[in-house]
Amino acid sequence: MIVFGTLFFNYRKIYKVGFTWNFLMVQSSLNNIFESFIERKSIFQNKDVLNLKFSPENIPHREKEINQIASILGTSLRLEKPSNIFIYGKPGTGKSLCASFVLLQLNQIAIKKSIPLKTVFINCKLGKIADTEYRLLAQLAREFGKNVPNTGLPTSEIYKAFYNEADKEKRIILIILDEIDQLVKKCGDEVLYNLTRINQELKRAEICLVGISNDLNFLNDLDPRVKSSLSEEEIFFSPYDAIQLKDILLERAKLAFNESVIGEDIISKCAAYAAREHGDARRALDLLRVSAELADRNGDAKINEIHIDMAEEKIEKDKYVEIVKTLPEQKKILLEAGISILSEVNRRINTGELFNVYKTYCIKYGIRPLTQRRISNMIAELDMLGLLNAKVTSFGRYGRTKEISLYIPRESIDKINKILTQPAEK
DNA sequence: CGAGATTCATGTGAAGTATACCTTTAGGCTTAA
DNA sequence: AAGCCTAAAGGTATACTTCACATGAATCTCGTA
């Protein structure tokens, strides 16, 4: 208790000093910047519309899919358990958006007519709250208002907690598991098996599962029992083409910008850029948002082609920066080591080399290095994140190793290095 | 010359360990009768 | 004596380590033509 108190006191002192210093330094120049912002009319009407989290009222070119989902889940309004659904398709094809859209509508009707319906949307993405069996169940239990600890309890206990909360009253429960493939890749399909089976044990409530996956082959690796029960219905989302993307962007642009800020030709170009890859609407929206931000910051009244080109470049650079920022410390050091030798020697390196360099970096920062075994796994994880490219290759007589090369483009390296060295020095 | 054995350097799975955190429980302290 | 607080005990998940065996093609070995 006493130790904690003093620590806290010190922290406050440091914080206070730092704050006043910064404030004095920055104050005068800030005033000018702020004033220019007030004078100039913003090109945005409602910037949130371009945010990925925003859910529009209109979802163009997905009417068919939405109707499909809705007609399957609709039975829940008659208190009949809907079929489980498995939704799959490439990233940025609107899977999550459509699912949560239908969920929202269902919820509204359910509330209006006081139908006992509970909906839960959980993202199982790695590094998020629900990427293990325990964490998924804990999150579910929390959704039902039961406060459970992050660790310490047996998984069966959490399972029971969720089960009890869910079964409290007669109702239909819709659980949407986004990026379900990542969860299964990390800890197997046992969770899903349990969840699909839980219905037989529930007395009052009934659970319906909706799995969303980016991985098209995900179902094949599943336990056949889970596979058949999870995919009672399957819905495939095909990528958008350039024309569809344009419609989506037009829809959003109408809401996001003030009038005559952006021309239709510019939007077409945005759509064309994004369609070039694989019809990723997320990317198209990002492109539009970033170019608008650039234009706004530049003081330009209109968005033009140059902004889009700049945005394209910036996104390409920042894509990696964002990922790197959220990396745990050990992985940052590993990545820093990787970047340093890979930019020094112009060839692919192997696990042993990288591990040695990594160790020297650990010593430099005074951090205990992890074992090679763990590093091997981490390299694979960085590969999954698209930061490194690690391919297992055999050199016959000369052993077998991962051939590692950098996935990050040269231009982003500087930016990433800044992030990498910063926290490690503390 | 070619089939099969060998080899290397690491991949990979499983079991074990350390850490952080949770609940339960027992003992001590406080409070009120 | 009842109620509350605290610390220890007993238990778990997670991240990591240790151990042991698996991999896979270049190279070596040796029998055969």
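So that the names make sense, note that chain A is the first sequence line, chain B the second, and so on, each numbered from 1.
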Between [atom2] of [N] and [atom1] of [X], the distance in whole Å:
X	N	atom1	atom2	value
A:Asn356	B:dA9	CG	P	13 Å
A:Glu403	B:dC8	CD	P	20 Å
A:Ile404	B:dG11	CD1	P	8 Å
A:Lys160	C:dT12	NZ	P	12 Å
A:Ile379	B:dA9	CD1	P	17 Å
A:Asn150	C:dA15	CG	P	12 Å
A:Phe395	B:dA9	CZ	C1'	10 Å
A:Glu353	B:dT10	CD	C1'	13 Å

Toward the 5' end of DNA chain B, which comes first, A:Gly352 or A:Arg373, by nearest nucleotide?
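Nearest-nucleotide comparison on DNA chain B picks A:Gly352.
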
Distance below 4.0 Å between [X] side-chain N/O and [N] OP1 or OP2:
X	N	value
A:Lys402	B:dG11	yes
A:Arg374	B:dT12	no
A:Thr155	C:dA13	yes

Check A:Lys325 with A:Glu322, please: is the shortest side-chain N to carboxylate O separation under 4.0 Å?
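Yes, A:Glu322 and A:Lys325 are salt-bridged.
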
May I ask you to say whether A:Lys186 pairs ionically with A:Glu133, meaning some side-chain N is under 4.0 Å from a carboxylate O?
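The answer is no: the pair does not qualify as a salt bridge.
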
Quick one: which of [options] gets closest to the side chain of [X]?
X	options	result
A:Tyr398	B:dT10, B:dC22, C:dA26	C:dA26
A:Arg368	C:dT12, C:dT17, B:dG11	C:dT17
A:Thr132	B:dC22, C:dT14, B:dG11	C:dT14
A:Pro149	B:dC22, C:dA13, B:dT10	B:dC22
A:Arg400	C:dT14, B:dT23, C:dT23	C:dT23
A:Val392	B:dC22, C:dG24, B:dG11	B:dG11
A:Thr151	B:dG11, B:dA20, C:dC16	B:dA20
A:Thr371	C:dT18, C:dC16, C:dG24	C:dT18

Which of parallel (below 30°), tilted (30 to 60°) and perpendicular (above 60°) describes A:Tyr365 and A:Tyr361?
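A:Tyr365 vs A:Tyr361 ring planes: tilted.
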
Tell whether A:Arg397 reaches the base of C:dG24 with its side chain through a donor-acceptor pair below 3.5 angstrom.
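Between C:dG24 and A:Arg397, which were checked side chain against base, a qualifying N/O pair under 3.5 Å is absent.
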
Kindly give the heavy-atom pair with the smallest separation between A:Ala311 and A:Leu294, and that separation in Å.
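Closest heavy-atom pair between A:Ala311 and A:Leu294: N-CD1, 3.6 Å.
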
Any base atoms under 4.0 Å from A:Thr393, or only sugar-phosphate, or nothing? Heavy atoms, all strands.
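Nothing: the residue A:Thr393, judged by heavy atoms under 4.0 Å, touches no strand.
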
Is there a donor-acceptor pair closer than 3.5 Å between any side-chain N or O of A:Tyr163 and the backbone N or O of A:Glu201?
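Between the backbone of A:Glu201 and the side chain of A:Tyr163 there is a qualifying donor-acceptor contact (under 3.5 Å).
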
Within 45° of the six-membered ring axis of A:Phe237 and under 6.0 Å from that ring's centre, is NZ or CZ of A:Arg62 located there?
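Judged by the rule, A:Arg62 and A:Phe237 form no cation-pi pair.
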
